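Quantities reported herein were computed from a predicted structural model and do not represent experimental measurements. Just so you know, ligand 1 is whichever comes first in the structure, and atom 1 is the first atom listed for that ligand.
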Amino acid sequence: MSSHTVEVTGPDPRSVACAPGQRLLDAFLRSGVYLPNSCNQGTCGTCKVKVLSGNVEQPAVSETVLGADEQADGFVLACQSSPTSDARIEVPRGAGSGPGHPLRDLSGVVHEVREIADDTLELTVGIDEPLDFSAGQYIEVTVPGIGHIRQYSMANPPSSADRLEFHVRRVPDGVATDRWIFDSLDQGHRIEMRGPWGDFVHDTEADAPMILLAGGTGLAPLKSIARHALELDPEREIHLYHGVRHRSDLYDVEFWETLTERHPGLRYTPCLSRDDGFGRHGYVGDVVLADFDSLRGYSAYLCGPPAMVDAGVKACKRRRMPGRNIHREKYTPAPTSAPDMVPA
Ligand code: FES
């Protein structure tokens, strides 16, 4: 079957070829047409576009993500839908002004698999061709044999574009972690990926002091953002809070302590919610509330489990940080299977 032609309307009209079964978002990003996107799983609603003409199918979508009125008006989620004919698609205002690194397939060889905390690995992969990405973005890894996709944020800054670092937390009985990465993945193994994805990215135009709030392996994109920000300005004021439950879940302590010695504006605060005796006791949002009377003039980047991110956002707002300065990414469980497609 041949590709369908998708006309993208808006301030910068373009024509994009979309292969049978290819998702709109994938086709757009590969063609250099940037669309806001975050989860690539149909759960955040960031990638909605309007079908003006033609046939586009997508799986049943929760009305909390795409309202019934919007669906009746022809809106679809670009990350979930595929055209079955030529189509005209209206993209939202703001499309085209994102990170703008073309999506592509990547292949790489595992350089190192290192245990860094309880049930947590650091995975380093050398890739065949350097990847252009923005600090904070992620890639998707294909689980060999079964084709499932898992998402991991880069922890390295964009300057080390040919060696990607990921933090991987074991999911009990998880097909990607328990049964592959933690079980058999080793140095020299080849892995297939695609990326970069996401618009949780370091805003390099803003020079406000930064608050970084991480929960568990949500540290990865913030490590990339902090390293990138310090490469651009070694004096940058950055306050990193890393929250985990127990001391044995904490990792990268030495890395951050060494970095704080080199960068006087960097503060590193590990937070343990269930243990005492190291760093601070409590949740990251509560520790930030205790540390700051006001966060006016700051910007924040938060990444981790949804409850941690929501509490952290609330804390920033209580300390009067404007909503437009708050960037967030929630780590949500990957779907276990692909949903059925229906016409939109
Ligand atoms: S719903 Fe498409 S990127 Fe989240």
Does Arg194 come within less than 4.0 Å of Glu140, counting only side-chain N to carboxylate O? yes
For atom 4 (Fe) of ligand 1, protein N, O or S atoms at a distance below 2.8 Å amount to 2
Residues forming a salt bridge (charged side-chain N to carboxylate O under 4.0 Å, His left out) with Asp118, sequence neighbours excluded: none
Test Leu266 against Trp256 for side chain to side chain contact (heavy atoms under 4.5 Å, CB included), laying out the working first. CA-CA 9 Å; Leu266 176 64; Trp256 292 109; 4.2 Å; yes
Find out whether Tyr301 and Phe200 are in side-chain contact, i.e. whether some heavy atom of one side chain is under 4.5 Å from a heavy atom of the other. yes
Which residue in the set Arg319, Met210, His239 passes side-chain contact (heavy atoms from CB on, under 4.5 Å) when paired with Tyr298? His239
Looking only at the aromatic ring of each residue, does the gap between the centers of Tyr268 and His242 stay below 6.0 angstrom? no
